[in-house]
Amino acid sequence: MNRRADTGESYWMQTATMPSFAPLSGAAEADVAVIGSGIAGLSTAWELTRAGLAVVVLEAAGPAGGVTGHTTGKLTALHTAVYDTLRSKHGDEAARQYAASQSAALQHVIEVSADLGINCELERRPAFTYCEEAEGVDALRAEADAARAAGLSASFVTGTGLPFPVAGAVRVEDQAQFHPLKYLRGLVEDIVALGGRLHGGTRVIRLDDGDPCRLTTDAGATVTARHVVVATHHPVFDDAVLSTRLTQHRDLVIAGAVPPGQDPEGMYISEENGKRSVRTSPLADGGRLLIVTGEAFTPGTGQDTEAGYARLQAWAEQRFPGFSPAHRWAAQDNSSTDTLPLMGRLPTKGENVYVATGFAGWGMTGGVLAGTIIASLVRGGEDPWGGLYDPGRVASPVRSAPTYLKAQWDVGKHFVKDRLDTLGDGTNGPAEDLRPGQGTVVRAGGKPCAVHRDDSGELHAVSAVCTHLGCVVAFNNAERTWECPCHGSRFGIEGEVLQGPALSPLERRDPTEL
């Protein structure tokens, strides 16, 4: 196997310079405050700024540097095998609405790109959900049937552009792919030109809902706004209401030049082998970049992430001979327990707080769609999709119970197991045995402590108790991060928050006292 690429910034982040914005200081006022600057937050901010509202966007890091910056950039209404599931869980009309709304979001990106003159490498491509094993064919035939009944130009095929045989696939025509950060850079530039304000390095730690709402940042700055949009991937400030309806997963991504003659000229995904997703993107030299995604896992479960990258690379090299990865990164997504994303008013927070989450890995169309739904509600209009994605909906207890109960069992299992482990005599390995690059959780003074040895041999120690709801974190050995298995919060080796819903860092510990 060839030498691996280093884990770090995504290809998108390396090839699109996003503008930087100063942190918020003092007190500010706005019609709408948007928390988060991924595609959902920026799409919402753009819609509302274009409508003439005073909008301020608050981002803990920089624009699109979170989940959106690590996506694969697919714009498609074919979401693996969602339509057969939707019609069985929610009925034929829900499946039709889903197809129409996701297709409308795709078309919206095309129109906005043209109107603003954004060169975001937008390409029309067919989308495929495929299987290599014959056992998966019947399910894909049913999915093609359901997708076609929902209104998509879907068909079941046995031939694709992949350089290896498949047993069958669902094909949907006229989908699209793009460079997500180049698109969002265009939105940001237009938001600023229209008077919108953006602030980076600004983490919101408190939301007081009301009329108006009031936000407080970790630096003590405040924003008073009539409306607040929580677009933080996993919804912070939801009083643990939506957390019980969301599950987390993380995918690994590798990318490198596609060998001549092997561009599959489409977007492909399969649930086999722990998920495999394939697409290409144009390179500056006229070649194509092959992007391969897979090895889905739940963050914080201690999976050997390096081994996952090795499996993904071996799979890609076998099916695309001559491929060698030059980039690798990872993306995190969450899914709702009843399949449908959550876009609209945030339950328990009154009439003026909104949320967008639960995109299940399809956040490019989902985030754009959320922007149109929330913008309509903020302006006093109706949800254009009849509440299909309403976060306050009551899911069918029969159809959604198995997924919901499994999610709660997994969280509860970690709460109990973590406390039993840390009260007992066991550890995940002694800190003194750590090699450079490794991490472990040990007991120190009766409390769980997360310890990492860096490449120079120095130990770093922080509390292993997630500051969100108290689960014990685990080490990700490829990204060198601490991750919570309950709700997906991620922390750096010094305890800094990389990804919510946690708002506070892990408390530092003295490694000499271990």
S.K.: Taking all non-hydrogen atoms of both residues, which atom of Pro23 and which atom of Thr202 are closest, and how far apart?
M.R.: CA-OG1, 3.3 Å
S.K.: Any non-hydrogen side-chain atom of Leu342 less than 4.5 Å from a side-chain atom of Arg393?
M.R.: yes
S.K.: List the atom of Asp263, the atom of Val258, and the distance in Å for their closest heavy-atom pair.
M.R.: N-CG2, 4.0 Å
S.K.: Using every non-hydrogen atom in the two residues, find where Pro501 and Val236 come nearest and quote the distance to one decimal.
M.R.: O-CG1, 3.4 Å
S.K.: Evaluate the criterion side chain to side chain contact (heavy atoms under 4.5 Å, CB included) for residue pair Gln499 and Val67; output intermediate values, then yes/no.
M.R.: CA-CA 9 Å; Gln499 190 163 349; Val67 173; 3.6 Å; yes
S.K.: Mind checking whether Arg250 and Glu483 have side chains closer than 4.5 Å, heavy atoms only?
M.R.: yes
S.K.: Would Val353 and Cys213 satisfy side chain to side chain contact (heavy atoms under 4.5 Å, CB included), going step by step from the backbone distance to the final call?
M.R.: CA-CA 8 Å; Val353 182; Cys213 300; 4.0 Å; yes
S.K.: To check you understand the geometry: which heavy-atom pair defines the closest contact between Thr467 and Leu503, and what is its length?
M.R.: OG1-N, 4.5 Å
S.K.: Would you please indicate yes or no on a ring centroid separation below 6.0 angstrom for His79 and Tyr98?
M.R.: yes
S.K.: Examine the side chains of Glu59 and Ser37 and answer whether a donor and an acceptor come within less than 3.5 Å of each other.
M.R.: yes
S.K.: Can you label the angle between the Tyr268 ring and the Phe128 ring as parallel, tilted or perpendicular, going by 30° and 60°?
M.R.: parallel
S.K.: So how far is it from Ser504 OG to Asp218 CG, rounded to the nearest 0.5 Å?
M.R.: 9.0 Å
S.K.: What distance separates His487 NE2 from Asn334 CG, expressed to the nearest 0.5 Å?
M.R.: 11.0 Å
S.K.: Any chance the side chains of Gln97 and His90 put a donor and an acceptor closer than 3.5 Å?
M.R.: no
S.K.: Can you give me the closest heavy-atom contact between His468 and Ser243, atom names plus distance?
M.R.: CE1-OG, 4.3 Å
S.K.: Does a side-chain heavy-atom distance below 4.5 Å link Asp174 with Pro126?
M.R.: no
S.K.: I'd like to know if the side chain of Arg245 and the backbone of Gly358 have a donor-acceptor N/O pair within less than 3.5 Å.
M.R.: no
S.K.: Can you see whether Thr293 engages Asp251 through a side-chain donor-acceptor pair at a distance of less than 3.5 angstrom?
M.R.: no
S.K.: Minimum heavy-atom separation for Ala154 to Ala147, with atom names?
M.R.: CB-CB, 3.7 Å
S.K.: Do the side chain of Thr49 and the main chain of Leu194 share a donor and acceptor less than 3.5 angstrom apart?
M.R.: no
S.K.: Just to verify, what does Ser43 make a side-chain hydrogen bond (donor to acceptor under 3.5 Å, both in side chains) with, not counting sequence neighbours?
M.R.: none
S.K.: Strictly by salt bridge (Lys or Arg N to Asp or Glu O under 4.0 Å), give each pair with a member in residues 177-187 just once, sequence neighbours left out.
M.R.: Glu121-Lys182
S.K.: Going through the checks in order, is the side chain to side chain contact (heavy atoms under 4.5 Å, CB included) test met by Phe359 and Asp333?
M.R.: CA-CA 7 Å; Phe359 300 129; Asp333 293 295; 5.8 Å; no
S.K.: Roughly how far apart are Leu369 CG and Ile39 CD1, rounded to 0.5 Å?
M.R.: 11.0 Å
S.K.: Is Tyr83 close to Arg87 at the side-chain level, that is, under 4.5 Å between some pair of heavy atoms?
M.R.: no
S.K.: Could you state the interatomic distance from CD (Gln332) to OG1 (Thr298), rounded to the nearest 0.5 Å?
M.R.: 9.5 Å
S.K.: Please determine if Glu295 and Arg276 form a salt bridge, counting it only when a charged side-chain N lies under 4.0 Å from a carboxylate O.
M.R.: yes
S.K.: Using only the SG atoms, decide whether Cys471 and Cys466 are less than 2.5 Å apart.
M.R.: no
S.K.: Is there a donor-acceptor contact under 3.5 Å linking the side chains of His179 and Thr15?
M.R.: yes
S.K.: Would Phe297 and Thr305 count as a side chain to side chain contact (heavy atoms under 4.5 Å, CB included) here? Give the steps.
M.R.: CA-CA 9 Å; Phe297 64 97; Thr305 319; 4.2 Å; yes
S.K.: What I'd like to find out is whether the side chain of Asp190 reaches to under 4.5 Å of the side chain of Ile118, using heavy atoms alone.
M.R.: no
S.K.: Determine whether a donor-acceptor pair (N or O, by modelled atom type, separation under 3.5 Å) exists between the side chain of Ser489 and the backbone of Ala502.
M.R.: yes
S.K.: Within the 4.5 Å heavy-atom criterion, are Val230 and Lys349 side-chain neighbours or not?
M.R.: no
S.K.: Evaluate the salt bridge (Lys or Arg N to Asp or Glu O under 4.0 Å) criterion for residues Glu123 and Arg288: first the C-alpha distance (whole Å), next the side-chain angles of each, then the deciding distance (0.1 Å), finally the verdict.
M.R.: CA-CA 13 Å; Glu123 299 175 310; Arg288 304 287 297 185; 2.8 Å; yes
S.K.: Glu143 side chain to Asp84 main-chain N or O, any donor-acceptor pair under 3.5 Å?
M.R.: yes
S.K.: Using a strict cut-off of less than 4.0 Å between a Lys/Arg side-chain nitrogen and an Asp/Glu carboxylate oxygen, indicate whether Arg480 and Asp454 qualify as a salt bridge.
M.R.: no
S.K.: May I ask you to test the His70-Met13 pair for a side-chain heavy-atom distance under 4.5 Å?
M.R.: yes
S.K.: Are any non-hydrogen side-chain atoms of Asp209 and Asn352 less than 4.5 angstrom apart?
M.R.: no
S.K.: Please test Gln248 against His234 for side chain to side chain donor-acceptor pair (under 3.5 Å), starting from the C-alpha separation and ending with a verdict.
M.R.: CA-CA 9 Å; Gln248 311 292 321; His234 192 102; 2.8 Å; yes
S.K.: Can a side-chain donor-acceptor contact be found between Glu507 and Ser463 if the only test is distance below 3.5 angstrom?
M.R.: no
S.K.: Please round to the nearest 0.5 Å and tell me the distance separating atom CG of Asp390 and atom CH2 of Trp385.
M.R.: 16.0 Å
